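Residues take their numbers from the sequence shown, with the count starting at 1. Only a predicted model underlies this, so the values are computations on that prediction, with no experimental measurement involved.
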Amino acid sequence: MRISAGKSISTLSMILTGLFLAGAVPAQSGGLGFDVLNSEISRLSQAARGTVGVGALHLESGRAFYQNADDAFPMASTYKVPIAYQLLHRVDAGEISLSEMVKLDSWDLHPGSGTLTRLFDDPGVVLSLHNLLELMLLISDNSATDLVLEAAGGGSAVTARMKALGLGGIRVDRPTLKLIADWIGIEKMPPEQEWSPETFRKLVSDLSEEERNKAASRFEQDERDTSTPRDMTGLLAKIWKKEGLSDKSAALLLDIMERCETGENRIPGMLPGDTKVAHKTGTIGGTTNDVGIVTLPHGRGHLALSLFVKESEVPVSEREKVIAQIARALYDYFLFAGAD
């Protein structure tokens with residue numbers, strides 16, 4: 001549940017409010033209010049006990065704030081946003097249709113896919129690409145994601161699309177099945193049609209704790225399936241501005257992201273309860289992320305946010321708190337000062 005605005009006003013908010021009412025906050029970055037914002041986000045980031053990446057772009061004015069802007073962060077499930085973009089680009093080009101039906105086989109069930117696993121209690125599951133797109137973004141279903149990624153043309157097609165958009169800091173390389181296997185330390189995967197959830201559990205149980213720890217450490221340094229805060233924020237801006245997508249496709253993507261059922265304690269966690277947030281989360285190992293677009297009240301515009309945490313040593317709940325606090329600090333800054 002989101003807490004009320006009255007209970008979530010941060011120190012930064014009170015400072016900025018006072019400066020705003022006194023007319024002391026300059027509109028441009030680098031002024032007094034911006035320095036307070038920079039100091040506050042640096043302070044909040046320390047609680048993650050890892051590396052925190054921040055991208056914040058006010059979509060109407062172009063004013064921005066970044067921290068570790070061009071560092072590569074594991075996207076985890078936030079990589080489903082560029083996958084969705086590429087799929088919808090193919091739809092707009094007439095190469096595929098969202099009404100296309102996809103038959104699911106038993107080997108299509110991948111880790112992190114509770115909904116589709118439950119559907120397989122009965123044989124003969126067939127879903128449309130539209131269904132799969134919603135499952136991918138709403139509840140982060142990984143089986144749906146890997147089927148959508150295949151329909152989008154694979155990781156190389158997604159990465160190429162990002163480069164074509166000028167977003168070379170975003171790369172998609174692996175389906176979720178391979179990504180999770182690499183993180184957990186499974187080096188040899190069985191042939192596709194021999195795959196099953198039981199196979200995965202057996203392969204995991206055969207790994208020692210040392211093997212898993214080494215794999216997790218390697219994963220943190222892997223450049224595959226990563227994004228910079230700057231380029232993920234840039235992708236969100238292009239979606240909002242309908243660049244490279246039709247109005248219909250962009251609206252559909254934002255609508256699904258507004259209905260996201262994960263991450264209520266991340267970007268939305270400390271915002272006023274009626275705040276509209278279109279977002280997508282991601283979590284794996286020491287990584288916890290949330291990216292999305294926040295609608296500011298009083299006609300103050302929209303804020304694209306990319307908040308990444310990697311190599312963290314604290315529980316996910318603590319990382320989520322950091323994300324929520326930073327999101328609130330940015331919300332307050334751009335509401336009171338940064339949008340002008």
Side-chain angles (χ1 to χ4, degrees), residues 5 9-10 12-13 15-17 19-21 23-38 40-41 53-67 69 78 81-82 84-85 88 162 165-167 169-170 227-260 266-268 270-280 290-307 323-324 326-340:
I9 298 296
S10 64
L12 175 67
S13 172
I15 293 172
L16 287 174
T17 302
L19 292 172
F20 176 72
L21 293 175
V25 178
Q28 72 278 5
S29 298
L32 179 59
F34 190 85
D35 290 342
V36 173
L37 176 69
N38 187 51
E40 178 69 351
I41 289 181
V54 178
L57 174 65
H58 187 264
L59 293 169
E60 285 81 5
S61 70
R63 301 192 185 281
F65 175 91
Y66 293 100
Q67 176 175 277
T78 65
V81 177
Y85 185 102
L88 292 170
M162 295 300 104
L165 293 171
L167 305 173
I170 300 175
S227 176
T228 65
R230 188 189 307 278
D231 280 0
M232 179 61 78
T233 306
L235 175 60
L236 295 168
K238 290 182 183 298
I239 294 168
W240 185 80
K241 294 177 181 179
K242 303 177 176 64
E243 294 183 12
L245 292 180
S246 67
D247 289 358
K248 180 179 179 180
S249 289
L252 172 63
L253 180 49
L254 289 172
D255 172 69
I256 299 173
M257 291 174 67
E258 284 177 15
R259 293 183 282 116
C260 178
R266 299 187 190 184
I267 288 176
M270 293 186 178
L271 301 183
D274 60 349
T275 304
K276 182 185 292 186
V277 181
H279 67 127
K280 180 71 196 79
D290 201 4
V291 306
I293 298 173
V294 175
T295 301
L296 300 173
H298 311 302
R300 297 291 283 174
H302 300 81
L303 188 61
L305 295 178
S306 298
L307 304 181
I323 288 173
I326 291 175
R328 183 61 197 242
L330 291 163
Y331 173 97
D332 290 336
Y333 175 78
F334 284 93
L335 173 62
F336 292 121
D340 294 324

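- Residues Phe65 and Phe34 place their aromatic rings such that the two centres sit under 6.0 Å apart.
- Between the side chain of Arg328 and the backbone N or O of Leu271, no donor-acceptor pair lies under 3.5 Å.
- Using a 4.5 Å cut-off on side-chain heavy atoms (C-beta onward), Tyr85 and Ser249 make no contact.
- Remark: side-chain polar atoms of Ser306 are paired, donor with acceptor, to backbone N or O of Thr233 under 3.5 angstrom.
- Using a distance-only test at 3.5 Å, with no hydrogens or angles considered, no donor-acceptor pair links the side chain of Arg266 to the main chain of Ala324.
- Within the structure, salt bridge (Lys or Arg N to Asp or Glu O under 4.0 Å) contacts touching residues 227-239 (residues at least two apart or in different chains) are Asp70-Arg230, Lys238-Glu243.
- Between Leu296 and His58, the closest side-chain pair of non-hydrogen atoms falls below 4.5 Å.
- Between the side chain of Gln67 and the main chain of Gly55, no donor-acceptor pair closer than 3.5 Å is present.
- Looking only at distances, no side-chain donor or acceptor of His279 sits under 3.5 Å from a matching main-chain atom of Pro268.
- For the pair Ile41 and Ala329, the tightest heavy-atom approach, listed with the atom from each and the gap, is CG1-CB, 4.5 Å.
- Side-chain contact check for Leu305 versus Leu236: every heavy-atom pair is 4.5 Å or farther apart.
- Scored by the salt bridge (charged side-chain N to carboxylate O under 4.0 Å, His left out) test, Glu258 finds no partners at all (sequence neighbours excluded).
- At a threshold of 4.5 Å between non-hydrogen side-chain atoms, the residues Leu57 and Leu303 do not count as touching.
- Between Ile267 and the options Ile326, Val294, Val291, a side chain to side chain contact (heavy atoms under 4.5 Å, CB included) holds for only Val294.
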